[in-house]
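Scope of the values below: all heavy atoms of this structure, side chains included, with no hydrogens, waters or symmetry mates.
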Amino acid sequence: MTEDLYTGMSGQFAAMSEFLWRGYNVAIPAVDVGEDIFVVEAANGVLRRVQVKTAGTRGHGNGTKRVQFALSRAQLNMEPGASDLFFML
């Protein structure tokens, strides 16, 4: 369980770093109710809600890796444009 917490937070900070590198501002909400980070494009006044999903890899004997993410079916089955939540895997 502790390893999962470290993996999740490392993915969240990696995502934040990538947005910062590209010139966006980022913030972590005080209470996590579905989004992990807010991404702000200050020049245009645009705020985007982002859910970050991080997964470790499992090696197979043939040199390939498999990655598995846990996502909410309710969020994935929404009609296009029904939510302003973005996923970053």
Side-chain angles (χ1 to χ4, degrees):
M1 176 81 174
T2 301
E3 184 178 327
D4 292 341
L5 295 174
Y6 282 98
T7 300
M9 286 306 296
S10 66
Q12 184 171 326
F13 282 113
M16 292 172 64
S17 175
E18 187 66 29
F19 283 115
L20 288 167
W21 183 256
R22 294 171 184 251
Y24 297 93
N25 199 355
V26 294
I28 299 173
V31 178
D32 183 345
V33 291
E35 61 272 322
D36 293 318
I37 59 176
F38 296 129
V39 179
V40 181
E41 189 176 353
N44 299 331
V46 175
L47 179 130
R48 291 185 176 89
R49 299 168 42 237
V50 178
Q51 175 73 44
V52 179
K53 294 294 184 180
T54 308
T57 60
R58 294 185 182 182
H60 292 281
N62 60 2
T64 62
K65 301 259 183 200
R66 186 178 92 192
V67 178
Q68 184 175 351
F69 297 97
L71 299 170
S72 164
R73 185 171 298 280
Q75 290 175 325
L76 291 176
N77 285 338
M78 289 185 166
E79 292 292 324
S83 173
D84 61 349
L85 181 65
F86 293 85
F87 287 91
M88 186 168 189
L89 307 174

Could you tell me which residues satisfy side-chain contact (heavy atoms from CB on, under 4.5 Å) with V33, sequence neighbours excluded, listed by chain and number? V31, E35
Nearest 0.5 angstrom please: L20 CG to N25 CG, how far? 6.5 Å
N44: which residues meet the side-chain contact (heavy atoms from CB on, under 4.5 Å) condition with it, sequence neighbours left out? E41, V46
If you link I, L, V, M, F, W and Y whenever their side-chain heavy atoms are under 4.5 Å apart, who else ends up in the same group as L47? F38, V40
Quick check: closest heavy atoms across T7 and A55, and the distance to 0.1 Å? CG2-C, 4.4 Å
Rounded at 0.5 Å granularity, tell me how far OH in Y24 sits from CE in M16. 15.5 Å
In Å, rounded to the nearest 0.5 Å, how long is the span from CD of Q12 to CD of Q51? 9.0 Å
Between CD1 on residue I37 and CZ on residue R49, distance to nearest 0.5 Å: 12.0 Å
Can any side-chain N or O of S17 pair as donor or acceptor with the backbone N or O of F13 at less than 3.5 Å? no
